[in-house]
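See structure below.
As the structure is a prediction and not an experimental result, all values here were calculated from the model. Quick note: numbers below take in every heavy atom, side chains included, and nothing from hydrogens, waters or symmetry partners. Start at 1 and go down the list; that is how both ligands and their atoms are numbered.
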Amino acid sequence: MCGIVGYIGPQDATPIILNGLKRLEYRGYDSAGLAVLENSHIEVRRDAGKLSRLATLVHDLPVHGHVGIGHTRWATHGEPNARNAHPHMGMTGDVVVVHNGIVENYLALREDLQAEGVIFKSETDSEVIVHLVEHYLGAGYDLTEAARQALGHLKGAHGVVLLSSREPDKIVAARIGNAGGVVIGVGQDEMYVASDLPAILDHTRRVVFLESGQMATITRQGLAVQSLTGAGLPYEIHTIAWDPVAAEKGEYRHFMEKEIHEQVRSLTDTIGGRVDFDQARILLPELNLTPEIARSIKKITIVASGTAWHAGTVGKVLIERIARLPVEVDIASEFRYRDPIVDGDTVILAISQSGETADTLAAMEEGRSKGARLWSIVNAIGSQAMRIADGYISMLSGPEIGVASTKAYTAPLVDLYMLAILLGDLRGVLDESTRRKLIADLRLVPDLAGRCLDREAEVEKVARVLLNVTNCLYLGRGINMPTASEGALKLKELSYIHAEGYPAGEMKHGPIALIDHDLPVIVIAPRDPWYDKMLSQIEQAKARGGMVIAVATDGDELIASKADHVLWVPETPWMLSPITTVIPLQMLAYHIAALRGLDVDQPRNLAKSVTVE
Ligand code: G6P
């Protein structure tokens with residue numbers, strides 16, 4: 001998962017950058033590099049593989065200077081090799097960039113730049129940034145302004161750091177959306193910049209967090225912050241506590257809040273390296289899936305617990321729809337006691353954040369004993385569910401500390417979507433244009449998630465409305481039925497408010513009896529194929545005096561006129577909509593619990609990893 005470190009000051013930048021990158025190693029990466037300004041020109045060192053290879057390179061070919069930037073890369077566009085590693089240099093050699101995020105429109109930008117005569121040296125999306133900056137430098141702008149102009153062309157969410165030999169006294173950093181943060185460390189006559197706090201905490205505890213839509217020009221003496229529209233902005237210097245746990249929390253009050261915001265990054269990472277966007281193919285090498293195996297599978301049974309089970313329920317819709325393969329979804333604790341029908345043509349697919357949930361592991365064993373193939377989608381690297389499987393998909397969400405799962409819910413939704421496409425492709429049931437469209441849509445995911453996060457203030461207002469309720473009904477249908485269940489689970493586990501997620505079509509068979517003025521009804525109604533059905537649910541709830549809170553697509557005036565409150569989400573391809581519809585519900589549950597003063601990260605009676613039956 002990409003990491004960024006930069007330094008400007010009197011010390012030698014190279015060891016500071018290497019040390020900072022080392023501190024970010026835990027996030028995972030597949031290549032690394034640095035660029036240092038040495039005697040008025042930029043020297044780049046980069047290589048595939050571990051940081052030790054970069055350190056060897058720097059040892060054999062030393063580089064010294066007082067300004068530099070470094071990066072650990074987790075491949076998204078282009079394989080992990082030295083050429084694709086960051087920093088990326090422009091044509092003149094005067095400017096370099098390191099980047100976190102996905103440039104959604106990089107193909108169009110690359111074509112435009114190529115038409116101007118730019119020659120690309122890598123397969124990355126990131127390289128367009130440095131050429132765009134160079135274009136504006138060539139037009140006479142200074143580095144800050146050239147960066148601002150260039151960033152205006154990028155679609156998606158980004159953390160960007162730039163260095164130019166023409167202006168050796170500065171580093172320019174920017175954050176657009178939520179592709180991970182940009183934090184600036186304030187020292188004595190020296191400054192640091194990084195994607196994450198651990199990279200700079202060895203040097204300073206005084207930091208400035210860039211907000212989305214802000215950029216900073218950093219010199220030895222300090223920084224100037226401006227918006228991407230060019231307006232100067234004030235900033236606040238925070239002092240980070242020495243407690244390493246508190247330090248990891250960074251700018252957030254709770255780990256859960258941090259993890260909700262990390263979703264843009266975790267979604268980027270789980271896509272990273274698994275998609276060949278140019279060829280429109282899915283690569284999931286750890287699954288060990290061949291066309292023969294794909295064609296031999298007769299049924300997939302998903303086994304999981306809690307939040308992971310909800311993810312599995314979305315997976316059923318995706319795999320059945322895209323790969324035309326029957327899928328059952330079982331609660332892991334129910335599976336083995338039923339003497340389930342499983343044979344050698346069945347795949348048992350376990351989904352688990354921890355990879356250690358006893359019930360889920362037992363369900364896998366049950367499958368194994370009946371001769372099934374075992375797959376898993378797991379977050380904790382090296383956990384049992386990963387080790388005992390015949391093939392796995394790593395969520396790559398990074399450590400999840402908050403007991404209530406958030407980023408480890410949305411990442412497997414993407415993994416299941418990719419799995420469905422791969423299966424459909426290998427089984428020969430997916431035509432090329434559909435496959436290309438489904439894969440192109442993946443590129444939108446991180447930014448769409450970021451746009452949901454941008455609406456946090458509006459969600460908090462609704463949280464205040466619901467602060468003292470005692471019950472809540474969540475309704476959803478089709479691919480967003482699990483969103484209702486997951487939204488309700490988040491609310492009950494965090495805030496101890498009784499909440500139920502129900503298939504909306506079932507409301508008339510029971511829950512409708514509950515609806516009165518005191519029961520808020522949360523209706524998941526994005527523009528998906530079940531939209532019209534959800535509209536009539538809203539009518540039915542309103543007719544009985546219920547307070548309706550709708551999760552709806554931007555610009556949906558009809559819903560706005562019917563619901564009491566709306567949690568808006570950006571227009572999302574429907575098969576990916578459970579990612580955007582759940583984020584406001586995560587934030588809603590979080591804010592209700594936080595406003596109630598509850599222990600958000602460790603709700604009573606719950607455990608992060610349930611290793612007993
Ligand atoms: C516990 C946690 C839940 C989680 C479930 C399954 O109950 O509190 O948040 O969804 O276990 O955990 P797993 O690690 O298997 O995803």
Side-chain angles (χ1 to χ4, degrees), residues 254-260 262-263 266 270 301-315 329-336 348-367 374-389 392-416 474 482-497 499 501 578-579 582-583 585-587 589-590 593 598-613:
H254 301 99
F255 279 105
M256 183 184 177
E257 187 186 21
K258 176 173 183 253
E259 287 154 7
I260 288 174
E262 275 175 348
Q263 287 180 106
S266 104
T270 209
T301 298
I302 297 177
V303 291
S305 310
T307 288
W309 177 68
H310 294 149
T313 316
V314 176
V329 192
D330 254 282
I331 291 181
S333 57
E334 287 291 315
F335 184 69
R336 70 179 136 151
I348 300 293
L349 169 58
I351 305 176
S352 176
Q353 187 289 128
S354 63
E356 302 291 349
T357 300
D359 289 325
T360 306
L361 294 173
M364 291 178 82
E365 275 162 27
E366 175 73 13
L374 298 189
W375 289 348
S376 61
I377 300 179
V378 185
N379 193 34
I381 313 259
S383 58
Q384 287 207 62
M386 194 177 267
R387 292 201 309 269
I388 65 177
Y392 65 88
I393 304 173
S394 186
M395 291 183 199
L396 297 170
S397 296
E400 192 179 63
I401 311 288
V403 166
S405 189
T406 51
K407 61 179 180 173
Y409 176 68
T410 48
L413 297 184
V414 169
D415 298 330
L416 286 158
Y474 288 67
T483 309
S485 305
E486 177 59 11
L489 178 63
K490 288 285 91 79
L491 187 66
K492 78 179 101 172
E493 60 186 349
L494 289 173
S495 65
Y496 317 140
I497 294 171
I579 297 167
V582 82
I583 292 174
L585 301 181
Q586 295 170 341
M587 294 195 290
Y590 168 78
L598 297 170
D599 187 348
V600 174
D601 285 332
Q602 288 178 313
R604 69 184 181 207
N605 307 336
L606 296 178
K608 183 70 185 156
S609 181
V610 183
T611 52
V612 292
E613 191 181 338

Just which atoms of ligand 1 are under 4.0 Å from any heavy atom in Ser352?
13 (P), 14 (O), 15 (O), 16 (O)
Please confirm whether the backbone N or O of Ser383 pairs with a side-chain atom of Glu356, one donor and one acceptor, at under 3.5 Å?
no
Test side chain to side chain contact (heavy atoms under 4.5 Å, CB included) on Tyr590 and His254; report intermediate values, then the result.
CA-CA 9 Å; Tyr590 168 78; His254 301 99; 2.7 Å; yes
Nearest heavy atom to atom 6 (C) of ligand 1 wins, so pick from Ser305, Gly306, Gly402.
Ser305
In terms of residue, atom name and distance, what is the protein heavy atom nearest to atom 1 (C) of ligand 1?
Ala607 O, 3.5 Å
Test of proximity, Thr360 against ligand 1: N or O pairs below 3.5 Å:
no
Under 4.0 Å from any heavy atom of Thr307, which atoms of ligand 1 are there?
10 (O)
In terms of residue, atom name and distance, what is the protein heavy atom nearest to atom 7 (O) of ligand 1?
Val610 CG2, 3.9 Å
Can you find a heavy atom in the side chain of Val314 that is under 4.5 Å from one in the side chain of Tyr409?
yes
Enumerate the atoms of ligand 1 whose separation from the nearest heavy atom of Ser354 is less than 4.0 angstrom.
13 (P), 14 (O), 15 (O)
Find out whether Asp415 and Ile351 are in side-chain contact, i.e. whether some heavy atom of one side chain is under 4.5 Å from a heavy atom of the other.
no
Option with minimal heavy-atom separation from atom 12 (O) of ligand 1, where the choices are Val403, Thr357, Val303
Thr357
What are the two closest heavy atoms between Gln353 and Ala408, and how far apart are they?
CG-CB, 3.3 Å
If we only count heavy atoms from C-beta on, is the Met256 to Lys490 side-chain gap below 4.5 Å?
yes
For the pair Gln384 and Val378, evaluate side chain to side chain contact (heavy atoms under 4.5 Å, CB included) and give the outcome as yes or no after the intermediate values.
CA-CA 9 Å; Gln384 287 207 62; Val378 185; over 6 Å; no
For Gln353, is at least one N or O under 3.5 Å away from an N or O on ligand 1?
yes
